[in-house]
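No experiment lies behind these values; they were computed from the predicted model shown. Note that these values count all heavy atoms, side chains included, but never hydrogens, waters or copies made by symmetry. First listed ligand is number 1; within each ligand, the first listed atom is number 1.
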Amino acid sequence: MQTVRVGLLGLGQIGSGVYSILTRKVRELEAQCGVRFEIKKVAVKNPGKKRSVKLPRKLLTANAFAVVRDPEVDVVVELIGGVREARLYVKEALRRGKHVVTANKALLAEYGDEIFELACQRKCWVQFEASVGGGIPVIKALREGLVANRIDSIHSIINGTSNYILTRMSENQMDFKEALAQAQAKGYAEADPRLDIEGIDAQHKLAILLRFAFGGRVKFDQIDCEGISRIRSEDIAFAEEFGYRIKLLAIAKRSDDGIEARVQPTLLPKEHILASVNGSFNAVLLRGDEVGDVLLYGRGAGSRPTASAVVSDLVDIAKRGSGRFADAALMMRAVRSSLKIKSTSSILSRYYLRFHVTDRPGVLSQISKILGDHAISISDCVQKIRSEGSVVPLIVLTHAAHESDVRDAIRLIDRLKSIRGKSQVIRIESGAA
Ligand SMILES: NC(=O)c1ccc[n+]([C@@H]2O[C@H](COP(=O)([O-])OP(=O)(O)OC[C@H]3O[C@@H](n4cnc5c(N)ncnc54)[C@H](OP(=O)(O)O)[C@@H]3O)[C@@H](O)[C@H]2O)c1
């Protein structure tokens with residue numbers, strides 16, 4: 001029986017889940033994988049804190065370096081989160097020839113180049129299944145199941161908090177603030193939810209997916225990113241009227257002149273397979289040149305689903321064994337060249353536009369004139385009528401237009417006297433599935 005000695009950094013939501021699986025499922029893991037995991041040390045910030053898992057006090061330390069430098073540790077599992085300290089510990093572990101498992105998307109999105117390069121130099125594994133899609137085995141699918149494919153596109157819902165909020169807004173007619181408060185009460189959103197609702201968490205995850213789906217370095221801040229904090233309940237209702245749902249999508253598409261990559265609220269036709277991914281669930285729709293569409297769906301966060309992915313990474317490392325580095329090509333490919341990310345201004349797409357206008361004759365013609373001057377043609381339009389002079393929403397759906405033209409037109413429209421507040425612009429995705 002092979003024994004793998006594990007050093008755990010962090011015993012919070014995910015660390016506790018990992019500790020629990022490794023100690024509860026000893027026999028199952030031995031029988032199924034022929035591996036015995038031995039937890040040698042666990043680093044936490046505050047060893048005196050009450051824990052949801054019971055463990056011998058002597059395993060705990062407040063010194064993470066004592067774990068990564070311990071010669072009796074074969075694999076370091078980094079689950080402390082944050083970037084600065086996690087980066088130090090992960091690099092120190094790799095320098096000492098230890099394999100690393102991490103769920104830390106921010107760390108890999110920001111410092112993936114140096115971490116994967118160091119891993120290649122030291123012939124160590126860095127496994128990170130839990131960093132994208134929580135319990136969904138999307139990295140494994142890219143690494144193994146879809147290896148015969150060139151991946152042509154990714155359409156994904158990879159931030160459960162945003163998806164939960166949008167679902168509540170849609171199904172329960174809540175406004176954004178109410179839905180966010182409910183997400184916080186249920187533990188789906190942090191007290192400071194900015195990373196989630198501003199799209200940055202999904203941007204981090206898309207950067208990781210891009211690296212391994214398309215094979216190359218990518219700077220995560222080259223990925224255009226917009227969150228859901230400007231989505232109003234009226235947008236959800238109007239989208240519904242036109243036959244669409246609004247989802248925060250992380251999208252990447254390959255084309256001859258580069259890769260289109262963005263995180264944005266998006267109108268999806270109701271019959272699109274991702275339109276029915278609701279609540280805190282995640283889904284990743286991959287299109288391969290051989291296999292066609294593949295959909296991976298499941299829990300994108302939470303202690304047990306995320307720990308399930310971390311344990312699968314540990315088993316992978318155990319099976320590959322130290323010394324063997326057969327799969328290195330994948331890691332090398334992910335750092336050798338840079339991916340060319342296209343500017344979104346050149347991308348052609350349909351748009352949903354929502355204006356708040358003073359209800360007076362001639363407003364629509366002013367708006368359509370500006371749109372026409374920018375080569376944007378209207379496919380649908382709805383104006384809710386109240387009494388003359390009141391402020392009403394005016395919704396316009398466009399045919400395919402360049403993003404730069406749409407932004408320029410909106411800038412001019414927002415200066416019109418009859419326009420109240422900032423107008424809403426949401427891309428419409430009609431593509432895959
Ligand atoms: N939560 C999820 O659903 C989820 C899903 C996917 C990925 N992830 C990722 O998983 C990682 C862990 O998330 P989490 O939700 O488990 O976080 P968490 O609940 O806040 O736990 C963090 C743990 O790290 C310990 N810690 C923090 N700084 C430390 C330091 N300098 N030295 C030693 N220990 C330290 C804390 O110690 P104390 O307990 O003593 O405070 C705590 O046990 C993050 O990178 C996160 O992005 C989380």
Side-chain angles (χ1 to χ4, degrees), residues 7-21 39 41-53 55 57 59-70 73 76-90 92-93 100-112 115 126-139 158-164 183-184 186-196 200-205 207-209 220 279-282 284 298-313:
L8 204 53
L9 306 183
L11 198 65
Q13 271 211 68
I14 312 307
S16 303
V18 171
Y19 187 89
S20 167
I21 296 180
I39 299 172
K41 271 203 175 86
V42 181
V44 290
K45 210 170 201 172
N46 174 8
K49 193 161 144 184
K50 207 164 176 279
R51 307 275 160 194
S52 60
V53 285
L55 72 167
R57 187 59 212 262
L59 281 188
L60 288 176
T61 171
N63 180 5
F65 278 118
V67 178
V68 299
R69 290 176 181 158
D70 185 337
V73 164
V76 169
V77 180
E78 183 278 307
L79 299 167
I80 64 174
V83 169
R84 199 183 61 80
E85 284 179 287
R87 178 181 173 211
L88 289 178
Y89 303 141
V90 163
E92 180 67 8
V100 169
V101 176
T102 179
N104 195 331
K105 52 257 173 174
L107 175 69
L108 295 181
E110 290 183 39
Y111 295 104
I115 288 170
V126 176
Q127 296 279 123
F128 47 92
E129 183 63 73
S131 65
V132 183
I136 305 174
V138 59
I139 303 296
I158 44 179
N159 184 263
T161 309
S162 300
N163 203 45
Y164 178 85
Q184 285 169 322
K186 287 198 173 265
Y188 294 140
E190 302 285 331
D192 177 0
R194 272 173 301 178
L195 277 182
D196 292 320
I200 300 155
D201 175 75
Q203 186 189 30
H204 286 152
K205 291 168 178 169
I208 298 170
L209 280 180
F220 87 94
S280 61
F281 276 89
N282 281 201
V284 182
R299 295 248 174 235
S303 176
R304 294 175 69 180
T306 312
S308 145
V310 171
V311 171
S312 113
D313 277 347

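- Contact annotation: the side chain of Val76 never approaches that of Tyr89 to less than 4.5 Å [non-hydrogen atoms, C-beta and beyond].
- Between Gly302 and ligand 1, a contact under 3.5 Å exists for at least one N or O pair.
- The shortest side-chain heavy-atom distance between Leu11 and Leu60 falls under the 4.5 Å cut-off.
- The protein heavy atom nearest to atom 25 (C) of ligand 1 is Gly10 CA, 3.9 Å.
- For the atom pair CD of Glu78 and CZ of Phe128, the computed distance is 13.5 Å after rounding to the nearest 0.5 Å.
- Of the candidates Leu9, Asn46, Val42, Leu79, it is Leu79 that places a heavy atom closest to atom 22 (C) of ligand 1.
- Shortest non-hydrogen contact noted between Asn163 and Phe281 is ND2-O, 3.4 Å.
- In this structure, atom 10 (O) of ligand 1 lies nearest to the protein heavy atom Ala103 CB, 3.5 Å.
- The single protein non-hydrogen atom nearest to atom 27 (C) of ligand 1 is Ile80 CB, 3.8 Å, given as residue, atom name and distance.
- Looking at Ile14 next to ligand 1, an N or O pair under 3.5 Å apart turns up.
- By heavy-atom distance, the residue among Lys105, Gln13, Arg84 lying nearest atom 7 (C) of ligand 1 is Lys105.
- Nearest non-hydrogen protein atom to atom 38 (P) of ligand 1 is Lys49 NZ, 3.4 Å.
- Side-chain contact check for Leu8 versus Leu79: some heavy-atom pair is nearer than 4.5 Å.
- With a heavy-atom cut-off of 4.0 Å, Ala130 touches ligand 1 through its backbone alone.
- Between Lys49 and Val44 there is no side-chain heavy-atom pair separated by less than 4.5 Å.
- Residue-ligand proximity, Arg51 to ligand 1, at heavy-atom distances under 4.0 Å covers atoms 38 (P), 39 (O), 40 (O), 43 (O).
- Distances from ligand 1 to the non-hydrogen atoms of Ala43 include at least one value under 4.0 Å.
- Side chains of Val132 and Asn282 form no contact here, defined as non-hydrogen atoms less than 4.5 Å apart.
- Summarising the local packing, CZ of Arg69 is surrounded by more than 12 heavy atoms from other residues, nucleotides or ligands at distances under 6.0 Å.
- Residues Val73 and Val68 fail the side-chain proximity criterion, which asks for heavy atoms closer than 4.5 Å.
- Looking at ligand 1, you won't find any N or O of Ser303 less than 3.5 Å from one of its N or O atoms.
- Using a 4.0 Å cut-off to heavy atoms of Glu85, the atoms of ligand 1 that qualify are 31 (N).
- By the criterion of a heavy-atom distance under 4.0 Å, both the backbone and the side chain of Lys45 are placed next to ligand 1.
- Under the 4.5 Å side-chain criterion, counting only non-hydrogen atoms from C-beta, Arg299 is not in contact with Ile136.
- The closest side-chain heavy-atom distance from Leu59 to Tyr19 is below 4.5 Å.
- Of the N or O atoms in Gly12, one or more lie within a sub-3.5 Å distance of an N or O in ligand 1.
- Note that atom 15 (O) of ligand 1 has protein non-hydrogen atoms nearby, at separations under 4.0 angstrom.
- Nearest protein heavy-atom contact of atom 44 (C) of ligand 1 is Gly81 CA, 3.5 Å.
- The line from CD1 of Ile14 to OG1 of Thr306 is 4.0 Å long, rounded to the nearest 0.5 Å.
- Checking Thr306, Thr161, Val310, Leu88 against atom 5 (C) of ligand 1, the nearest heavy atom belongs to Thr306.
- Ligand 1 places these atoms under 4.0 Å from at least one heavy atom of Leu11: 23 (C), 42 (C), 43 (O).
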